[in-house]
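Accompanying notes for the structure given below.
These values consider heavy atoms only, across backbone and side chains, with no hydrogens, waters or symmetry-generated copies. Ligands are counted one by one from 1 in listed order, and the atoms in each one are counted from 1 as well.
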Amino acid sequence: MFLLFIKPEINTPAGLVARPVLTSYHKSSHFRDRPFNKFNVYTSPDETILCSDSRQSMYCQLLCGLVQRSEVLRVGAIFASAFLRAIKFLEDHWRQLCLNIRTGQLTDWITDPSCKNAVSLILSKPMPDLADLIERECIGISWEGIIRKLWPRTKYVEVIVTGSMAQYISTLEFYSGGLPLVSTMYASSECYFGINLKPLCKPCDVSYTLLPNMAYFEFITVIEDHDEKMQEKVHCNGKSEQKNGINEEEWIKSKIVDLVNVKVGHYYELVVTTYTGLYRYRVGDILMVTGFHNNAPQFRFVQRRNVVLSIDTDKTSEEDLLKAVTEAKLIIESLGLLLTEYTSYADTTSIPGHYVLFWELKKRENTEQLPELDLIVMEQCCYRVEESLDSVYRRCRRKDKSIGPLEIRVVKHGTFDALMDFCLSQGSSVNQYKTPRCISSQEAARVLDSRVVARFFSKKVPSWEPFRIEANKLMSDMHRAV
Ligand code: AMP
(Lines give C-alpha, C1' and ligand atoms only; values in the text may rest on other atoms or scores of the structure.)
Protein backbone atom coordinates (compact mmCIF):
# COMPACT_ATOMS: atom_id res chain seq x y z
CA MET A 1 0.00 0.00 0.00
CA PHE A 2 2.19 2.77 -1.28
CA LEU A 3 0.23 6.02 -1.42
CA LEU A 4 0.99 8.24 -4.38
CA PHE A 5 -0.61 11.50 -5.44
CA ILE A 6 -0.50 13.88 -8.36
CA LYS A 7 -1.08 17.59 -8.52
CA PRO A 8 -2.84 19.60 -11.23
CA GLU A 9 -0.53 21.19 -13.76
CA ILE A 10 -0.20 24.93 -14.11
CA ASN A 11 0.81 27.04 -17.07
CA THR A 12 3.63 29.51 -16.68
CA PRO A 13 3.05 33.04 -18.06
CA ALA A 14 5.15 31.98 -21.06
CA GLY A 15 2.73 29.11 -21.73
CA LEU A 16 4.88 26.23 -20.54
CA VAL A 17 3.29 23.42 -18.55
CA ALA A 18 4.75 23.20 -15.05
CA ARG A 19 4.32 20.30 -12.67
CA PRO A 20 6.26 18.51 -9.94
CA VAL A 21 8.49 15.65 -10.99
CA LEU A 22 6.32 12.91 -9.48
CA THR A 23 3.22 14.18 -11.25
CA SER A 24 5.22 14.12 -14.44
CA TYR A 25 6.37 10.59 -13.79
CA HIS A 26 2.99 9.19 -12.76
CA LYS A 27 1.25 10.72 -15.74
CA SER A 28 3.87 9.42 -18.14
CA SER A 29 3.69 6.16 -20.03
CA HIS A 30 6.75 4.98 -18.03
CA PHE A 31 4.41 4.63 -15.08
CA ARG A 32 1.02 3.98 -16.69
CA ASP A 33 2.25 1.32 -19.15
CA ARG A 34 4.83 -0.19 -16.79
CA PRO A 35 5.47 -3.89 -17.16
CA PHE A 36 4.40 -6.15 -14.31
CA ASN A 37 6.90 -6.16 -11.48
CA LYS A 38 6.12 -8.30 -8.47
CA PHE A 39 8.00 -5.90 -6.17
CA ASN A 40 5.85 -2.97 -7.21
CA VAL A 41 2.28 -4.16 -7.09
CA TYR A 42 0.21 -1.35 -5.57
CA THR A 43 -3.13 -1.64 -3.80
CA SER A 44 -4.05 1.72 -5.34
CA PRO A 45 -5.43 1.47 -8.88
CA ASP A 46 -3.66 3.95 -11.21
CA GLU A 47 -6.94 5.87 -11.58
CA THR A 48 -6.93 6.71 -7.85
CA ILE A 49 -3.31 7.86 -8.03
CA LEU A 50 -4.02 9.94 -11.13
CA CYS A 51 -7.08 11.66 -9.60
CA SER A 52 -6.18 15.32 -9.13
CA ASP A 53 -8.63 15.81 -6.24
CA SER A 54 -6.34 14.88 -3.35
CA ARG A 55 -9.23 14.13 -0.92
CA GLN A 56 -10.91 11.72 -3.30
CA SER A 57 -7.57 10.19 -4.18
CA MET A 58 -6.67 9.70 -0.50
CA TYR A 59 -10.07 8.21 0.39
CA CYS A 60 -10.06 5.75 -2.51
CA GLN A 61 -6.44 4.69 -1.94
CA LEU A 62 -7.09 4.00 1.74
CA LEU A 63 -10.28 2.14 0.93
CA CYS A 64 -8.47 -0.08 -1.59
CA GLY A 65 -5.63 -0.59 0.91
CA LEU A 66 -8.07 -1.73 3.59
CA VAL A 67 -10.03 -4.04 1.30
CA GLN A 68 -6.81 -5.71 0.12
CA ARG A 69 -5.25 -5.69 3.59
CA SER A 70 -4.32 -9.35 3.56
CA GLU A 71 -2.04 -8.82 0.55
CA VAL A 72 -0.22 -5.76 1.86
CA LEU A 73 3.47 -6.44 2.56
CA ARG A 74 4.69 -2.84 2.85
CA VAL A 75 3.01 0.45 3.53
CA GLY A 76 4.36 3.88 2.74
CA ALA A 77 4.46 7.09 0.77
CA ILE A 78 7.34 9.15 -0.55
CA PHE A 79 7.78 11.33 2.55
CA ALA A 80 6.91 10.52 6.15
CA SER A 81 4.68 13.61 6.33
CA ALA A 82 2.45 12.37 3.47
CA PHE A 83 2.12 8.96 5.10
CA LEU A 84 1.18 10.44 8.47
CA ARG A 85 -1.33 12.69 6.76
CA ALA A 86 -2.92 9.51 5.43
CA ILE A 87 -3.03 7.99 8.94
CA LYS A 88 -4.71 11.17 10.22
CA PHE A 89 -7.18 10.98 7.35
CA LEU A 90 -7.90 7.40 8.34
CA GLU A 91 -8.51 8.52 11.94
CA ASP A 92 -11.06 11.02 10.64
CA HIS A 93 -12.76 8.73 8.09
CA TRP A 94 -12.54 5.12 9.30
CA ARG A 95 -16.25 4.94 10.18
CA GLN A 96 -17.28 5.96 6.68
CA LEU A 97 -14.69 3.63 5.12
CA CYS A 98 -16.04 0.73 7.19
CA LEU A 99 -19.59 1.56 6.16
CA ASN A 100 -18.53 1.41 2.50
CA ILE A 101 -16.82 -1.94 3.06
CA ARG A 102 -19.85 -3.29 4.96
CA THR A 103 -22.34 -2.31 2.23
CA GLY A 104 -20.09 -2.67 -0.80
CA GLN A 105 -21.17 0.87 -1.80
CA LEU A 106 -18.75 3.72 -2.37
CA THR A 107 -19.61 6.98 -0.58
CA ASP A 108 -21.40 9.48 -2.84
CA TRP A 109 -18.86 12.30 -2.51
CA ILE A 110 -16.44 10.29 -4.64
CA THR A 111 -17.52 11.76 -7.95
CA ASP A 112 -14.43 11.25 -10.13
CA PRO A 113 -15.71 8.73 -12.73
CA SER A 114 -12.38 6.92 -13.22
CA CYS A 115 -11.91 6.55 -9.47
CA LYS A 116 -15.45 5.26 -9.04
CA ASN A 117 -15.00 2.64 -11.75
CA ALA A 118 -11.63 1.48 -10.52
CA VAL A 119 -12.71 1.25 -6.88
CA SER A 120 -15.92 -0.60 -7.77
CA LEU A 121 -13.81 -3.45 -9.19
CA ILE A 122 -12.12 -3.85 -5.79
CA LEU A 123 -15.13 -3.03 -3.61
CA SER A 124 -17.26 -5.44 -5.60
CA LYS A 125 -19.45 -6.86 -2.84
CA PRO A 126 -20.50 -6.21 0.77
CA MET A 127 -17.81 -7.41 3.20
CA PRO A 128 -19.37 -7.15 6.69
CA ASP A 129 -16.77 -9.39 8.37
CA LEU A 130 -13.92 -7.27 7.11
CA ALA A 131 -15.75 -4.08 8.18
CA ASP A 132 -16.26 -5.54 11.70
CA LEU A 133 -12.60 -6.43 11.95
CA ILE A 134 -11.39 -2.98 10.90
CA GLU A 135 -13.93 -1.29 13.17
CA ARG A 136 -12.75 -3.32 16.15
CA GLU A 137 -9.16 -2.14 15.62
CA CYS A 138 -10.02 1.51 14.93
CA ILE A 139 -12.46 1.94 17.80
CA GLY A 140 -9.73 1.02 20.32
CA ILE A 141 -8.68 3.65 22.84
CA SER A 142 -5.15 3.92 21.48
CA TRP A 143 -3.91 3.78 17.93
CA GLU A 144 -0.51 2.54 19.02
CA GLY A 145 0.61 -0.12 16.52
CA ILE A 146 -2.47 0.44 14.32
CA ILE A 147 -0.49 -0.25 11.13
CA ARG A 148 0.45 -3.75 12.23
CA LYS A 149 -3.14 -4.35 13.32
CA LEU A 150 -4.76 -3.19 10.10
CA TRP A 151 -2.11 -4.57 7.75
CA PRO A 152 -0.76 -7.57 9.68
CA ARG A 153 1.55 -8.87 6.93
CA THR A 154 3.41 -5.56 6.59
CA LYS A 155 7.15 -5.98 6.96
CA TYR A 156 8.19 -2.33 6.95
CA VAL A 157 7.11 1.26 6.43
CA GLU A 158 8.71 2.81 3.35
CA VAL A 159 8.97 6.56 3.86
CA ILE A 160 11.79 9.07 3.79
CA VAL A 161 12.68 9.82 7.41
CA THR A 162 15.96 11.65 6.93
CA GLY A 163 16.50 15.42 6.97
CA SER A 164 13.48 17.40 8.06
CA MET A 165 11.43 14.18 8.04
CA ALA A 166 13.40 12.81 11.00
CA GLN A 167 11.06 14.52 13.44
CA TYR A 168 8.29 12.10 12.41
CA ILE A 169 10.20 9.03 13.51
CA SER A 170 8.66 8.75 16.97
CA THR A 171 5.10 9.28 15.67
CA LEU A 172 5.72 6.68 12.97
CA GLU A 173 7.09 4.26 15.53
CA PHE A 174 3.98 4.83 17.63
CA TYR A 175 1.58 4.04 14.78
CA SER A 176 3.66 1.26 13.26
CA GLY A 177 4.36 -0.62 16.47
CA GLY A 178 8.10 -0.67 15.80
CA LEU A 179 8.17 -1.78 12.15
CA PRO A 180 11.41 -0.88 10.35
CA LEU A 181 11.29 2.58 8.74
CA VAL A 182 12.95 2.42 5.36
CA SER A 183 14.29 5.47 3.52
CA THR A 184 15.20 4.23 0.08
CA MET A 185 16.13 7.27 -1.94
CA TYR A 186 17.37 10.81 -2.04
CA ALA A 187 16.05 12.78 -4.98
CA SER A 188 14.60 16.09 -6.10
CA SER A 189 12.59 17.63 -8.89
CA GLU A 190 15.80 18.78 -10.50
CA CYS A 191 17.66 15.51 -10.40
CA TYR A 192 17.78 12.02 -8.89
CA PHE A 193 20.68 11.89 -6.45
CA GLY A 194 21.15 8.59 -4.68
CA ILE A 195 19.92 5.42 -3.08
CA ASN A 196 20.25 3.80 0.31
CA LEU A 197 22.16 0.55 -0.07
CA LYS A 198 21.36 -0.52 3.51
CA PRO A 199 17.61 0.00 3.60
CA LEU A 200 17.12 -1.77 6.92
CA CYS A 201 19.61 0.36 8.85
CA LYS A 202 18.38 2.69 11.59
CA PRO A 203 17.08 6.05 10.34
CA CYS A 204 19.97 7.88 12.04
CA ASP A 205 22.51 5.73 10.13
CA VAL A 206 21.05 6.28 6.66
CA SER A 207 23.55 7.29 3.99
CA TYR A 208 22.73 7.70 0.34
CA THR A 209 25.14 6.50 -2.33
CA LEU A 210 25.29 9.05 -5.10
CA LEU A 211 24.56 7.70 -8.56
CA PRO A 212 27.34 9.39 -10.51
CA ASN A 213 25.65 9.16 -13.90
CA MET A 214 22.51 11.10 -12.88
CA ALA A 215 24.10 14.51 -13.40
CA TYR A 216 27.45 16.22 -13.17
CA PHE A 217 27.93 16.57 -9.42
CA GLU A 218 30.08 19.16 -7.73
CA PHE A 219 30.35 20.26 -4.13
CA ILE A 220 30.89 23.52 -2.34
CA THR A 221 32.91 23.01 0.82
CA VAL A 222 31.04 24.03 3.95
CA ILE A 223 33.25 24.48 6.97
CA GLU A 224 31.45 23.18 10.01
CA ASP A 225 32.25 26.21 12.03
CA HIS A 226 29.60 28.49 13.33
CA ASP A 227 31.15 31.73 12.14
CA GLU A 228 31.75 30.31 8.73
CA LYS A 229 28.15 29.02 8.56
CA MET A 230 27.03 32.52 9.38
CA GLN A 231 28.94 33.92 6.44
CA GLU A 232 27.63 31.18 4.15
CA LYS A 233 24.10 32.13 5.19
CA VAL A 234 24.64 35.78 4.41
CA HIS A 235 26.03 34.81 1.07
CA CYS A 236 23.48 32.15 0.21
CA ASN A 237 20.53 34.40 0.78
CA GLY A 238 21.47 36.80 -1.96
CA LYS A 239 22.70 35.39 -5.24
CA SER A 240 24.35 38.53 -6.51
CA GLU A 241 25.90 39.43 -3.16
CA GLN A 242 29.61 40.03 -3.11
CA LYS A 243 31.76 38.08 -0.71
CA ASN A 244 35.16 39.53 0.15
CA GLY A 245 34.88 41.53 -3.03
CA ILE A 246 34.34 38.56 -5.40
CA ASN A 247 31.12 37.66 -7.19
CA GLU A 248 29.13 34.43 -6.84
CA GLU A 249 30.71 32.68 -9.83
CA GLU A 250 34.25 33.37 -8.68
CA TRP A 251 33.35 32.44 -5.12
CA ILE A 252 31.89 29.08 -6.24
CA LYS A 253 34.99 28.38 -8.36
CA SER A 254 37.23 29.01 -5.37
CA LYS A 255 35.29 26.55 -3.18
CA ILE A 256 34.16 23.86 -5.63
CA VAL A 257 35.23 20.22 -5.27
CA ASP A 258 34.64 17.42 -7.79
CA LEU A 259 32.84 14.19 -6.96
CA VAL A 260 36.10 12.25 -6.82
CA ASN A 261 37.72 14.68 -4.41
CA VAL A 262 35.24 14.79 -1.53
CA LYS A 263 36.59 13.66 1.84
CA VAL A 264 35.02 11.51 4.53
CA GLY A 265 33.66 13.55 7.44
CA HIS A 266 33.56 16.81 5.45
CA TYR A 267 30.41 18.84 4.81
CA TYR A 268 29.44 20.00 1.35
CA GLU A 269 26.68 21.83 -0.41
CA LEU A 270 25.42 19.92 -3.45
CA VAL A 271 25.72 21.54 -6.90
CA VAL A 272 24.36 19.86 -10.03
CA THR A 273 24.64 20.36 -13.74
CA THR A 274 21.79 18.37 -15.23
CA TYR A 275 21.04 16.82 -18.61
CA THR A 276 17.95 19.03 -18.80
CA GLY A 277 19.97 22.20 -18.68
CA LEU A 278 20.56 23.43 -15.14
CA TYR A 279 24.09 24.70 -14.93
CA ARG A 280 25.87 24.58 -11.57
CA TYR A 281 22.52 24.68 -9.79
CA ARG A 282 22.75 24.92 -6.00
CA VAL A 283 20.21 22.40 -4.75
CA GLY A 284 20.24 23.88 -1.27
CA ASP A 285 21.16 20.69 0.60
CA ILE A 286 24.11 20.23 2.95
CA LEU A 287 25.55 16.71 2.97
CA MET A 288 28.27 14.97 4.95
CA VAL A 289 30.47 12.29 3.38
CA THR A 290 30.24 9.03 5.34
CA GLY A 291 32.17 6.66 3.07
CA PHE A 292 32.40 5.20 -0.40
CA HIS A 293 30.70 2.40 -2.31
CA ASN A 294 33.38 1.44 -4.81
CA ASN A 295 34.36 4.95 -5.89
CA ALA A 296 30.96 6.55 -5.42
CA PRO A 297 30.76 8.73 -2.32
CA GLN A 298 28.06 8.15 0.26
CA PHE A 299 26.38 11.02 2.06
CA ARG A 300 24.33 11.66 5.13
CA PHE A 301 21.70 14.32 4.57
CA VAL A 302 22.46 17.07 7.10
CA GLN A 303 20.02 19.87 6.40
CA ARG A 304 18.61 22.24 3.87
CA ARG A 305 20.86 25.23 3.69
CA ASN A 306 18.25 27.90 4.12
CA VAL A 307 16.04 26.60 6.94
CA VAL A 308 17.29 28.52 9.94
CA LEU A 309 16.25 30.79 12.76
CA SER A 310 18.32 33.82 13.54
CA ILE A 311 17.68 36.84 15.73
CA ASP A 312 21.16 38.16 16.49
CA THR A 313 24.47 36.40 15.84
CA ASP A 314 22.77 33.08 16.59
CA LYS A 315 22.10 30.77 13.67
CA THR A 316 19.94 27.77 14.37
CA SER A 317 19.82 25.15 11.67
CA GLU A 318 16.96 22.77 11.03
CA GLU A 319 19.09 20.04 12.61
CA ASP A 320 19.81 22.14 15.74
CA LEU A 321 16.10 22.86 16.11
CA LEU A 322 15.14 19.23 15.65
CA LYS A 323 17.64 18.19 18.32
CA ALA A 324 16.33 20.76 20.79
CA VAL A 325 12.67 19.91 20.12
CA THR A 326 13.48 16.20 20.44
CA GLU A 327 14.95 16.89 23.91
CA ALA A 328 11.97 18.98 25.01
CA LYS A 329 9.31 16.60 23.79
CA LEU A 330 10.67 13.90 26.12
CA ILE A 331 9.05 15.92 28.92
CA ILE A 332 5.56 15.75 27.42
CA GLU A 333 5.98 12.20 26.13
CA SER A 334 6.49 11.01 29.69
CA LEU A 335 3.06 12.51 30.43
CA GLY A 336 1.34 10.60 27.62
CA LEU A 337 1.34 13.39 25.04
CA LEU A 338 2.69 13.28 21.50
CA LEU A 339 4.13 16.17 19.55
CA THR A 340 2.67 15.49 16.10
CA GLU A 341 3.95 18.56 14.24
CA TYR A 342 6.04 21.64 14.80
CA THR A 343 7.33 24.68 13.05
CA SER A 344 8.91 27.94 14.10
CA TYR A 345 9.65 31.51 13.25
CA ALA A 346 11.87 34.27 14.52
CA ASP A 347 9.52 36.89 15.96
CA THR A 348 11.25 40.21 15.64
CA THR A 349 8.18 42.40 16.15
CA SER A 350 9.20 42.83 19.77
CA ILE A 351 12.62 43.96 21.04
CA PRO A 352 14.55 41.81 21.64
CA GLY A 353 13.14 39.31 19.20
CA HIS A 354 12.53 35.72 20.24
CA TYR A 355 12.01 32.25 18.82
CA VAL A 356 8.40 31.10 18.50
CA LEU A 357 7.60 27.41 18.15
CA PHE A 358 4.17 26.20 17.06
CA TRP A 359 3.35 22.79 18.52
CA GLU A 360 0.46 20.51 17.66
CA LEU A 361 -0.09 18.00 20.45
CA LYS A 362 -2.29 14.99 20.97
CA LYS A 363 -2.94 12.46 23.67
CA ARG A 364 -1.56 8.98 23.13
CA GLU A 365 -5.15 7.74 23.33
CA ASN A 366 -7.10 8.07 20.14
CA THR A 367 -8.87 11.36 20.70
CA GLU A 368 -8.97 14.71 19.00
CA GLN A 369 -9.55 16.49 22.28
CA LEU A 370 -6.70 18.80 23.13
CA PRO A 371 -4.97 17.64 26.29
CA GLU A 372 -4.98 19.82 29.37
CA LEU A 373 -1.66 21.60 29.47
CA ASP A 374 0.21 22.18 32.67
CA LEU A 375 1.79 25.62 32.80
CA ILE A 376 4.88 24.45 34.67
CA VAL A 377 5.44 21.53 32.28
CA MET A 378 5.10 23.70 29.20
CA GLU A 379 7.44 26.32 30.63
CA GLN A 380 9.92 23.53 31.27
CA CYS A 381 9.60 22.54 27.60
CA CYS A 382 10.43 26.11 26.54
CA TYR A 383 13.44 26.07 28.82
CA ARG A 384 14.60 22.63 27.65
CA VAL A 385 14.52 23.79 24.01
CA GLU A 386 16.66 26.78 24.94
CA GLU A 387 19.09 24.71 26.99
CA SER A 388 19.50 22.34 24.03
CA LEU A 389 20.26 25.07 21.52
CA ASP A 390 23.89 25.93 20.79
CA SER A 391 26.19 28.12 22.86
CA VAL A 392 25.83 31.16 20.60
CA TYR A 393 22.06 31.14 21.12
CA ARG A 394 22.50 30.72 24.89
CA ARG A 395 25.10 33.47 25.01
CA CYS A 396 22.71 35.82 23.25
CA ARG A 397 19.99 34.93 25.74
CA ARG A 398 22.09 35.00 28.90
CA LYS A 399 24.90 37.46 28.38
CA ASP A 400 24.02 39.72 25.47
CA LYS A 401 20.30 39.63 26.26
CA SER A 402 19.80 40.10 22.56
CA ILE A 403 17.20 37.33 22.38
CA GLY A 404 14.02 37.21 24.45
CA PRO A 405 12.50 34.13 26.15
CA LEU A 406 11.50 31.36 23.78
CA GLU A 407 7.77 30.92 23.26
CA ILE A 408 5.73 27.80 22.52
CA ARG A 409 2.32 28.35 20.97
CA VAL A 410 0.14 25.27 21.16
CA VAL A 411 -2.22 25.04 18.20
CA LYS A 412 -5.44 23.08 17.88
CA HIS A 413 -5.85 19.69 16.18
CA GLY A 414 -5.67 19.95 12.38
CA THR A 415 -3.69 23.20 12.27
CA PHE A 416 -0.81 21.64 10.34
CA ASP A 417 -3.29 20.22 7.85
CA ALA A 418 -4.53 23.78 7.38
CA LEU A 419 -0.92 24.90 6.92
CA MET A 420 -0.42 22.18 4.31
CA ASP A 421 -3.65 23.18 2.54
CA PHE A 422 -2.39 26.74 2.51
CA CYS A 423 0.97 25.66 1.06
CA LEU A 424 -0.82 23.51 -1.54
CA SER A 425 -2.92 26.53 -2.52
CA GLN A 426 0.38 28.35 -3.08
CA GLY A 427 1.65 25.64 -5.43
CA SER A 428 3.21 22.89 -3.29
CA SER A 429 2.50 19.30 -4.27
CA VAL A 430 0.89 16.73 -1.95
CA ASN A 431 3.55 14.11 -2.70
CA GLN A 432 6.48 16.37 -2.20
CA TYR A 433 5.13 18.56 0.59
CA LYS A 434 7.30 18.88 3.66
CA THR A 435 6.18 20.87 6.68
CA PRO A 436 8.36 23.95 6.69
CA ARG A 437 10.37 23.93 9.91
CA CYS A 438 10.56 27.68 9.77
CA ILE A 439 7.78 29.95 8.56
CA SER A 440 8.71 33.03 6.66
CA SER A 441 5.46 34.08 4.97
CA GLN A 442 3.08 36.24 6.94
CA GLU A 443 0.03 34.45 5.55
CA ALA A 444 1.39 31.11 6.76
CA ALA A 445 2.02 32.63 10.19
CA ARG A 446 -1.58 33.88 10.18
CA VAL A 447 -2.86 30.36 9.43
CA LEU A 448 -1.03 29.16 12.54
CA ASP A 449 -1.70 32.15 14.78
CA SER A 450 -5.45 31.99 14.20
CA ARG A 451 -5.45 28.47 15.68
CA VAL A 452 -3.37 29.08 18.80
CA VAL A 453 -5.02 27.78 21.97
CA ALA A 454 -2.30 28.50 24.54
CA ARG A 455 1.03 30.33 24.77
CA PHE A 456 3.94 29.59 27.06
CA PHE A 457 7.27 31.34 27.65
CA SER A 458 10.55 30.20 29.05
CA LYS A 459 10.78 31.44 32.63
CA LYS A 460 14.45 30.60 33.17
CA VAL A 461 17.48 31.89 31.31
CA PRO A 462 19.54 29.08 29.76
CA SER A 463 23.06 28.40 30.98
CA TRP A 464 26.15 29.69 29.21
CA GLU A 465 29.79 29.47 30.15
CA PRO A 466 32.47 31.52 28.43
CA PHE A 467 34.67 28.52 27.64
CA ARG A 468 37.84 29.26 25.72
CA ILE A 469 36.40 28.09 22.44
CA GLU A 470 33.36 30.27 23.02
CA ALA A 471 35.57 33.22 23.90
CA ASN A 472 37.37 32.68 20.58
CA LYS A 473 34.09 32.70 18.75
CA LEU A 474 33.07 35.86 20.55
CA MET A 475 36.34 37.49 19.50
CA SER A 476 35.84 36.55 15.90
CA ASP A 477 32.23 37.79 16.08
CA MET A 478 33.57 41.08 17.37
CA HIS A 479 36.23 41.28 14.67
CA ARG A 480 33.55 40.73 12.08
CA ALA A 481 31.33 43.35 13.65
CA VAL A 482 34.24 45.85 13.65
P1 AMP B 1 11.60 18.70 -4.37
O2 AMP B 1 12.27 19.86 -4.99
O3 AMP B 1 10.23 18.99 -3.87
O4 AMP B 1 11.67 17.53 -5.25
O5 AMP B 1 12.43 18.35 -3.04
C6 AMP B 1 13.76 17.96 -3.11
C7 AMP B 1 14.36 18.17 -1.75
O8 AMP B 1 13.72 17.30 -0.80
C9 AMP B 1 15.81 17.80 -1.68
O10 AMP B 1 16.65 18.80 -2.21
C11 AMP B 1 15.98 17.58 -0.19
O12 AMP B 1 16.10 18.82 0.49
C13 AMP B 1 14.65 16.93 0.19
N14 AMP B 1 14.83 15.47 0.16
C15 AMP B 1 14.61 14.63 -0.88
N16 AMP B 1 14.94 13.38 -0.55
C17 AMP B 1 15.38 13.42 0.73
C18 AMP B 1 15.88 12.48 1.63
N19 AMP B 1 15.97 11.18 1.31
N20 AMP B 1 16.26 12.89 2.87
C21 AMP B 1 16.16 14.18 3.22
N22 AMP B 1 15.69 15.14 2.41
C23 AMP B 1 15.31 14.77 1.18
Can we call the ring centroids of [X] and [Y] under 6.0 Å apart?
| X | Y | value |
| --- | --- | --- |
| Tyr393 | Tyr355 | yes |
| Phe299 | Tyr208 | no |
| Tyr59 | Trp109 | yes |

Can you tell me if Ser183 has a non-hydrogen atom under 4.0 Å from ligand 1?
no
Using heavy atoms and a 4.0 Å limit, tell me yes or no: is Ile160 in contact with ligand 1?
yes
Give me the nearest non-hydrogen protein atom to atom 15 (C) of ligand 1 as residue plus atom name, then the distance to 0.1 Å.
Ala187 O, 3.0 Å
Using a 4.0 Å heavy-atom cut-off, say whether [X] meets ligand 1 through its side chain, its backbone, both or neither.
| X | result |
| --- | --- |
| Tyr433 | neither |
| Tyr186 | both |
| Lys434 | side chain |
| Thr162 | both |

For a side-chain hydrogen bond (donor to acceptor under 3.5 Å, both in side chains) with Tyr186, tell me which candidate from Asn196, Thr162, Asp285 qualifies.
Asp285
Below 3.5 Å, N or O to N or O, backbone or side chain included: is there any such pair between Phe193 and ligand 1?
no
Atoms in ligand 1 with a heavy atom of Val283 nearer than 4.0 Å
10 (O)
